[in-house]
Amino acid sequence: EAKRKNIGGYLFYAHEMSETLLENKQLAEALIAALNSDQFYLNYQPQVSLSSRKVIGFEALARWNHPVKGNIPPDQFIALAEREGIIVTLGDRVLQLACDQAVKWLSEGIEFDRIAVNVSVKQFVETDFVSKVMNALSLSGLPANKLELEITESLFLGDKKVALETMDKLTSQGVRFSIDDFGTGFSSLLYLKELPVAKLKLDQGFIRGITTDHSSLQIVKASLQMGQALNMAVIAEGVETLEEQRLLVQLNCGEAQGYLFSRPVAGDKVNADLMEAIAEHMTPVT
Ligand code: C2E
Ligand code: MG
Ligand code: MG
Ligand code: MG
């Protein structure tokens, strides 16, 4: 009896697997087709300075509006793109869209230090990554020092020499690097010291707990000290409440990003009104 159930269970599982695989393939093909259509676009989340209360940058975040399934969350389609080998094509597209939008803002008189673009490991380790970045910059006309690339700690599990070379080449052109979701990965502190990293982005998982949970607060404090010691800026991600903002100001955290200031918005929603609204919603620094 038990055996039969097992067999039945196995067959059922195998059947489900192949359906999922097929669905993945179809979804992957749909994604490839979507990349150059208006189904695929970027939203931009403002980043603020906690001392000046001004918008200093934007993070580009990929969006896919599937004609039948509607908006598919980036966590899902990015993972799909990684599995199905589309992430490099997707990443190229994101880079170009972000650079083009940034140039448009500059031409409209919108001031910002940088536009931050997420880069996946597979994209970063491609041999032509440096030339692709330089290409996106020259095609758009965006100055290299306006571009920040967000990488993750998982990059340092691979060939560190190659990673360092790529970072050095781009850094010498003026491009900056930040470490996304900092604290959730595996980066050795020794290694971090050797890399041209301009900024640590504290993962929102830690920020979520700072007002309630002692260990999150300690991790954030330690990260801020580390940033200071290593001469790296630190930005807090996922700031949602005034309490979190106040505490971060007290702790001397330089920058923040989160729903408290603004959700990610369409590129053409970024204008003087939005910039002003963001600055006004913030509480005075005390
Ligand atoms: P991420 O790079 O860590 O981006 C931050 C995520 O946190 C975004 O989710 C953003 O919308 C969300 N967020 C910002 N502020 C708040 C807040 O106050 N509260 C909460 N609960 N969430 C907040 P999103 O847009 O869903 O993106 C998820 C992840 O997908 C990104 O995490 C990034 O890892 C990945 N991703 C998005 N676009 C790209 C891309 O173009 N390329 C690559 N490789 N990955 C991307
Ligand atoms: Mg990011
Ligand atoms: Mg992040
Ligand atoms: Mg994340």
Side-chain angles (χ1 to χ4, degrees), residues 31 34-35 39-48 55 57-65 70-102 114-126 129 132-133 136 147-155 176-185 187 197-211 220 223 234-245 248 255-267 269 278 281-282:
L31 179 54
L35 285 181
Q39 281 178 37
F40 187 82
Y41 58 96
L42 303 181
N43 274 348
Y44 300 88
Q45 187 172 39
Q47 303 175 326
V48 303
V55 174
F58 300 91
E59 178 176 2
L61 294 159
R63 298 291 179 257
W64 181 18
N65 188 4
N71 281 317
I72 300 180
D75 286 327
Q76 274 173 37
F77 71 75
I78 296 291
L80 174 84
E82 302 254 8
R83 279 198 310 272
E84 301 293 327
I86 314 167
I87 192 68
V88 176
T89 314
L90 185 151
D92 291 348
R93 183 74 185 135
V94 169
L95 202 52
Q96 193 65 54
L97 286 172
C99 290
D100 289 348
Q101 179 62 68
R114 66 209 151 232
I115 174 131
V117 177
N118 292 285
V119 174
S120 86
V121 174
K122 282 189 184 145
Q123 194 187 350
F124 186 94
V125 299
E126 290 275 293
F129 182 66
K132 277 181 171 169
V133 174
L147 181 65
E148 176 182 313
L149 299 176
E150 297 193 2
I151 56 178
T152 56
E153 292 165 279
S154 49
L155 181 66
R176 278 169 290 185
F177 287 92
S178 58
I179 308 238
D180 202 358
D181 306 334
F182 181 73
T184 63
S187 63
V197 170
K199 191 194 291 190
L200 305 176
K201 298 195 74 181
L202 295 186
D203 190 69
Q204 53 178 285
F206 301 124
I207 305 305
R208 195 66 55 251
I210 51 171
T211 55
V220 168
S223 304
V234 178
I235 184 165
E237 283 195 277
V239 178
E240 289 184 353
T241 68
L242 280 171
E243 287 81 354
E244 288 162 0
Q245 180 196 248
L248 287 163
E255 303 173 12
Q257 177 182 345
Y259 295 167
L260 177 66
F261 313 107
S262 172
R263 298 218 167 217
V265 297
K269 290 278 173 346
I278 291 170
H281 279 131
M282 295 175 68

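Just so you know, these numbers come straight off a predicted model, no measurement behind them. One-based numbering, in listed order, for ligands and for the atoms of each.
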Show me the donor-acceptor pairs, under 3.5 Å and distance only, between side chains in residues 83-90 and residues at least two apart or in other chains.
unit_1: Arg83; atom_1: NH2; unit_2: Asn24; atom_2: OD1; d: 3.4
unit_1: Glu84; atom_1: OE1; unit_2: Lys25; atom_2: NZ; d: 2.7

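For Asn43, no heavy-atom contact with ligand 1 is shorter than 4.0 Å. Only the side chain of Gln204 comes within 4.0 Å of ligand 1, judged by heavy-atom distances. Counting heavy atoms closer than 4.0 Å to ligand 1, residue Glu59 contributes side-chain atoms (C-beta onward) but none from N, CA, C or O. If you look at Glu244 next to ligand 1, there are no close heavy atoms at all, none under 4.0 Å. Of the heavy atoms in Arg208, only side-chain atoms (C-beta onward) come closer than 4.0 Å to ligand 1. Of all the heavy atoms of Pro264, the ones lying under 4.0 Å from any atom of ligand 1 belong exclusively to the side chain.
As for Asp181, its N/O/S atom nearest the Mg ion (ligand 3) is the one called OD1. The atom of Asp180 that is an N, O or S and sits closest to the Mg ion (ligand 3) is OD1. Restricting Glu59 to its N/O/S atoms, the shortest distance to the Mg ion (ligand 2) is reached by OE2. The Mg ion (ligand 2) sits nearest to atom OE1 when only the N, O or S atoms of Glu150 are considered.
Polar contact with ligand 1: present for Arg63 (N/O pair, distance under 3.5 Å).
Ligand 1 lies nowhere less than 4.0 angstrom from a heavy atom belonging to Lys201. Within the 4.0 Å heavy-atom shell around ligand 1 one does not find Gln257. Ligand 1 has no atom lying under 4.0 Å from any heavy atom of Pro73.
Across all non-hydrogen atoms, the minimal contact from Ala98 to Ile115 is O-CD1, 3.9 Å.
The pair Lys201-Glu153 does not count as a salt bridge, with every side-chain nitrogen at least 4.0 angstrom from each carboxylate oxygen. Under the 4.0 Å criterion applied to side-chain N and carboxylate O atoms, Lys132 and Asp92 are assigned as salt-bridge partners.
Glu237 and Gln257 form no side-chain donor-acceptor contact under 3.5 Å, judged by distance and modelled atom types alone.
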I would like to know whether Glu150 and Glu148 meet side-chain contact (heavy atoms from CB on, under 4.5 Å); could you show each step before the answer?
CA-CA 7 Å; Glu150 297 193 2; Glu148 176 182 313; 4.2 Å; yes
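The shortest distance between side-chain heavy atoms of Tyr259 and Pro264 falls below 4.5 Å. Put simply, the side chain of Leu61 does not reach to within 4.5 Å of the side chain of Leu42, judged on heavy atoms. Considering only heavy atoms from C-beta on, Arg114 comes within 4.5 Å of Gln47 through its side chain. Between Thr241 and Leu260 there is no side-chain heavy-atom pair separated by less than 4.5 Å.
For the residues Glu240, Arg263, Arg93, the heavy atom positioned nearest atom 21 (N) of ligand 1 is part of Glu240. Comparing Asp180, Leu61, Val119, Val94 against atom 41 (O) of ligand 1, the shortest heavy-atom distance belongs to Val94.
Short contacts between ligand 1 and Ser120, defined as distances under 4.0 Å to a heavy atom of the residue, involve ligand atoms 44 (N). Listed by number with element, the atoms of ligand 1 under 4.0 Å from a non-hydrogen atom of Gln45 are 14 (C), 15 (N).
The side chain to side chain donor-acceptor pair (under 3.5 Å) check on Asn118 picks up Glu59, with sequence neighbours excluded.
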